[in-house]
Amino acid sequence: WLPFLKVRGTIGYSGNVDQSKSAVTTLRYAPNTAPNTNLPFALVSQFPNPDLRWEKVRMINIAVDFAVADNRISGSVEYFNKKALDLFGAAPLDQTTGLGGSSLTKNVASMKGHGVELNITSRNFDGIFKWNTQLLFTYYKDRITDYYITTTSGSNYISDGNVITPLVGRPVYSVLSYPWAGLDPSTGNPQGYVNGQASSDYSALTGSQFLIGNLVYNGPAMPPFYGSVINTFSWKNLSLSFSLLYKLGDYFRKQSTNYSQLFTYGVGNSDFADRWQKPGDEKITNVPAMMYPASGLRDQFDTHAESRAAKGGLLRLKLINLSCELSQAFL
């Protein structure tokens, strides 16, 4: 019942180098002459960086390929493990060197990732009428294992998932938010936590004194589960296929009313109708009361609060294809 079975495995190492960076001091000649001497002069383009080295990536793959009798069901299952060391990142520069600038690209980060890929093709019907299905499923998870933290201010790590979030133990792309304490019952202002107490002090909630450890980790911004299901139906010379794409398990930031944007640019959101308007509304809505003039810090906190993060899920009809194969006799 299992005429074909193959086990394969690979392990490989690769390197990556940023060709725009150098380990030695480099100069850049100015296009003009010096204003005082009228002589050519050069500027330091890159500072000495003798510890700079290649990024190193190790990849392990273990897979099983299989097919049952008559190839009614065939496919592969693959496990992969990835480890990346000496990744490039910005490291603070000692100001006493007199070199100028605040940071230097160094090998400051490491990460790990692993996952499973499943690819199965089945011939459900194989007569005059044919029906084939292809299932693609991928699970992937990564985390940062090492990074040089340059600041402990939480506001520097607030993310919508569209930039790297360099926190050890978290995914490379994460959604991080300010803790949410609900709307103030008397004013409708959004509240966070300062020293464990509900507060509307937005300077304290978004300022440099708000530390990384107080942020809420919502989840990964990249979906850990994704893939597609492709069905193909054939009858004589007609064929119809369509693909369903799915992504599951990620988090995203919901759009909401931002009063600064509303008053300045006229950009609104439909949840304006659900805003807090009277005491008791805080039990049924998270949209703050309208305040004029708007407060930028208030909007900043509300936009990046825990209440605006939501779990994502996508199922999309990606492709529909209808084809007709013409016979040579017809042509």
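Throughout, residue positions are numbered sequentially from 1 according to the sequence presented.
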Please round to the nearest 0.5 Å and tell me the distance separating atom CZ of Phe137 and atom CG of Asn119.
-> 12.5 Å
Go through the steps for Trp131 and Asn231 under the test side-chain hydrogen bond (donor to acceptor under 3.5 Å, both in side chains), then give the verdict.
-> CA-CA 7 Å; Trp131 173 24; Asn231 282 283; 2.8 Å; yes
How long is the gap from CG on Leu167 to OH on Tyr217, to the nearest 0.5 Å?
-> 10.5 Å
More than 12 foreign heavy atoms under 6.0 Å from CZ of Phe4: is that the case here?
-> yes
What heavy-atom pair brings Asp86 and Glu55 nearest, and what distance separates the two atoms?
-> O-CG, 3.2 Å
Rounded distance (nearest 0.5 Å) linking atom NE2 of His114 with atom OH of Tyr79 | 5.5 Å
side-chain hydrogen bond (donor to acceptor under 3.5 Å, both in side chains) between Arg58 and Asn81: does it pass, once the steps are laid out?
-> CA-CA 8 Å; Arg58 183 216 66 197; Asn81 187 291; 2.6 Å; yes
Taking the side chain from Gln261 and the backbone from Tyr259, do they hold a donor-acceptor pair closer than 3.5 Å?
-> no
Among Pro179, Ser200, Ser199, find the residue that satisfies the side-chain contact (heavy atoms from CB on, under 4.5 Å) test when tested with Gln191.
-> Ser200
Take Asn237 and Ser327 through the side-chain hydrogen bond (donor to acceptor under 3.5 Å, both in side chains) test and state the conclusion after the steps.
-> CA-CA 8 Å; Asn237 61 339; Ser327 66; over 6 Å; no
Would you say the side chains of Thr285 and Asp274 form a donor-acceptor pair under 3.5 Å?
-> no
Check the hydrophobic clustering (I, L, V, M, F, W, Y; side-chain heavy atoms under 4.5 Å; chains of links allowed) and say if Val116 and Ile60 are grouped together.
-> no
Just how far is it from atom CG of Asn16 to atom OG of Ser14, taken to the nearest 0.5 Å?
-> 8.0 Å
Is there a donor-acceptor pair closer than 3.5 Å between any side-chain N or O of Ser74 and the backbone N or O of Asn71?
-> no
Please indicate whether Tyr193 has more than 12 foreign heavy atoms, meaning atoms of other residues, nucleotides or ligands, lying under 6.0 Å from its OH.
-> no
Does one side chain, of Asp271 or Thr257, offer a donor that lies under 3.5 Å from an acceptor on the other?
-> yes
If you measure from CG on Asn269 to CZ on Arg275, what distance do you get to the nearest 0.5 Å?
-> 12.5 Å
What are the two closest non-hydrogen atoms of Ala90 and Tyr147, and how far apart are they?
-> O-OH, 4.1 Å
Count the heavy atoms belonging to other residues, nucleotides or ligands that lie under 6.0 Å from CD of Gln277, then report whether that count exceeds 12.
-> yes
Within a radius of less than 6.0 Å around NZ of Lys83, do more than 12 heavy atoms belonging to other residues, nucleotides or ligands occur?
-> no
Tyr251 with Trp180, same ILVMFWY side-chain cluster at under 4.5 Å = no
Transitive ILVMFWY side-chain link Leu317 to Leu322, under 4.5 Å = yes
Do you see a donor-acceptor pair shorter than 3.5 Å between the side chains of Asn38 and Thr33?
-> yes
Does Tyr202 reach the main-chain N or O of Pro190 with its side chain, forming a donor-acceptor pair under 3.5 Å?
-> yes
Taking everything shown except Lys130 itself, do over 12 heavy atoms lie less than 6.0 Å from its NZ?
-> yes
Looking only at atom types and distance, does a side-chain atom of Arg123 sit under 3.5 Å from a main-chain N or O of Ile73, one as donor and one as acceptor?
-> no
Looking at Leu205 and Tyr178, what are the two nearest heavy atoms and their distance?
-> O-CE2, 3.3 Å
Report yes if the side chains of Pro223 and Leu248 come closer than 4.5 Å at any heavy-atom pair, otherwise no.
-> no
Under 3.5 Å donor-acceptor, Asp299 side chain and Ser260 backbone = yes
No-hydrogen, no-angle side-chain donor-acceptor test under 3.5 Å, Asn189 and Arg298 | yes
Which is it for Val267 and Asn258 under the side chain to side chain contact (heavy atoms under 4.5 Å, CB included) test, yes or no, and what are the steps along the way?
-> CA-CA 8 Å; Val267 178; Asn258 183 304; over 6 Å; no
Which atom pair, heavy atoms only, marks the closest approach of Tyr173 to Val163?
-> CD2-O, 3.4 Å
Between Phe80 and Leu85, is there a shared hydrophobic cluster once you connect ILVMFWY residues whose side-chain heavy atoms come closer than 4.5 Å?
-> no
Between Ser110 (side chain) and Thr145 (backbone), is there a donor-acceptor pair under 3.5 Å?
-> no
Backbone N or O of Thr105 within a donor-acceptor pair of the Asn49 side chain at under 3.5 Å?
-> yes
Within one Ile-Leu-Val-Met-Phe-Trp-Tyr cluster: Phe88 and Ile164, side-chain cutoff 4.5 Å | no
Value rounded to 0.5 Å, distance of CZ in Arg308 from OG in Ser177 = 11.0 Å
Anything under 30° is parallel, anything over 60° is perpendicular, the rest tilted; go ahead and classify Phe233 against Phe129.
-> parallel
If you count the non-hydrogen atoms of other residues, nucleotides and ligands that lie under 6.0 Å from CE in Met222, is the total more than 12?
-> no
Is a side-chain N or O of Thr152 found less than 3.5 angstrom from the main chain of Leu211, in a donor-acceptor match?
-> no
Please assess Asn124 against Asn132 for the test side chain to side chain contact (heavy atoms under 4.5 Å, CB included), listing each intermediate value before the final yes or no.
-> CA-CA 6 Å; Asn124 307 317; Asn132 297 331; 5.9 Å; no
Looking at Asn286 and Ser307, what are the two nearest heavy atoms and their distance?
-> ND2-CB, 4.0 Å
Are any of the side-chain nitrogens in Lys106 or Asp51 under 4.0 Å away from the carboxylate oxygens of its partner?
-> no
Phe41 atom CZ, neighbour heavy-atom count above 12 within 6.0 Å = yes
Could you walk me through whether Arg8 and Glu78 pass side chain to side chain contact (heavy atoms under 4.5 Å, CB included), step by step?
-> CA-CA 9 Å; Arg8 52 187 168 87; Glu78 182 170 352; 4.2 Å; yes
Over all heavy atoms of both residues, which pair between Gly249 and Lys311 is shortest? Give the atoms and the distance, please.
-> CA-CE, 4.0 Å
Ser228 side chain to Leu136 main-chain N or O, any donor-acceptor pair under 3.5 Å?
-> no
Could you walk me through whether Val172 and Met111 pass the side chain to side chain contact (heavy atoms under 4.5 Å, CB included) test, one step at a time?
-> CA-CA 8 Å; Val172 177; Met111 64 163 287; 4.0 Å; yes
Leu39 CG: over 12 foreign heavy atoms closer than 6.0 Å = yes
